[in-house]
Amino acid sequence: EAQVTQNPRYLITVTGKKLTVTCSQNMNHEYMSWYRQDPGLGLRQIYYSMNVEVTDKGDVPEGYKVSRKEKRNFPLILESPSPNQTSLYFCASSLYSSYNEQFFGPGTRLTVL
Amino acid sequence: GQQLNQSPQSMFIQEGEDVSMNCTSSSIFNTWLWYKQDPGEGPVLLIALYKAGELTSNGRLTAQFGITRKDSFLNISASIPSDVGIYFCAGRRTSGNTPLVFGKGTRLSVIA
């Protein structure tokens, strides 16, 4: 089944404790992206990647890192999480960056205490 | 980064009623997309629009790409309980590698 998977789905952590949210897609998509969703603010792009080893900042990249060593995986790294990073995070992928149908993962709800 | 102005923020409607929501921008967009997010899941693409004036349907859903290229509309006819969710508009200002810009969403509740 074609899908985008994220792990973990739920995570509660404490300020400053490094964490990684994994994202994987099995559709051989070139383009992958991370969004955060906050009440009243909609979806905001954190980082995106147009292909392996090619990543770029989105609208809200501060406090986040990403890597794209393999086509299928695009992990989101929070080196030192803070409470303002409490949010619902979505990974998405599409065939190419200009291909409009983005497939979203199921989301990761992160709480930073 | 720019976000789209989406309205209304939320709607409560009776089952069977028609629904309209819209999205506006101060910039011209080349592509308009409408997504639906069910509770606890990621957004799913409903309709994509690529040409000014275009009107596209997907079952009971109809979306239009505004003539000015600065707005788009989504209509749902004869709403049913499973229409509940958050509807997002998204747009792309130019073709190519520009990222999608999302609206803040319209939360739809359907009362049976």
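A quick note: this is a predicted structure, and the numbers were derived from the prediction, not measured. Below, read A as the first sequence line, B as the second, and so on, with proteins coming before strands; counting in each chain starts at 1.
Residues B:Tyr35 and B:Phe73 do not share a hydrophobic cluster, clusters being chains of Ile/Leu/Val/Met/Phe/Trp/Tyr side chains in contact below 4.5 Å. Under the 4.5 Å side-chain heavy-atom criterion for grouping Ile, Leu, Val, Met, Phe, Trp and Tyr, A:Tyr64 is connected to A:Leu19 within one hydrophobic cluster. A:Val4 and A:Val21 fall into different hydrophobic clusters, defined by Ile, Leu, Val, Met, Phe, Trp and Tyr side-chain heavy atoms under 4.5 Å apart, directly or through other members.
Looking at A:Arg109, there are no atoms closer than 4.5 Å to chain B (heavy atoms on both sides), in backbone or side chain. Heavy atoms closer than 4.5 Å to chain A are found in the side chain of B:Gln37, but not in its backbone.
For CD1 of B:Ile111, the number of neighbouring non-hydrogen atoms (other residues, nucleotides, ligands) closer than 6.0 Å is greater than 12. Sparse packing is recorded around CD of B:Gln9, with 12 or fewer heavy atoms of other residues, nucleotides or ligands lying under 6.0 Å away.
With rounding to the nearest 0.5 Å, the separation of CZ in B:Phe102 from CG in A:Leu41 is 14.5 Å.
You'll find the side chain of A:Gln102 reaches within 4.5 Å of the side chain of B:Leu100, heavy atoms only. Put simply, the side chain of B:Phe88 reaches to within 4.5 Å of the side chain of A:Gln37, judged on heavy atoms.
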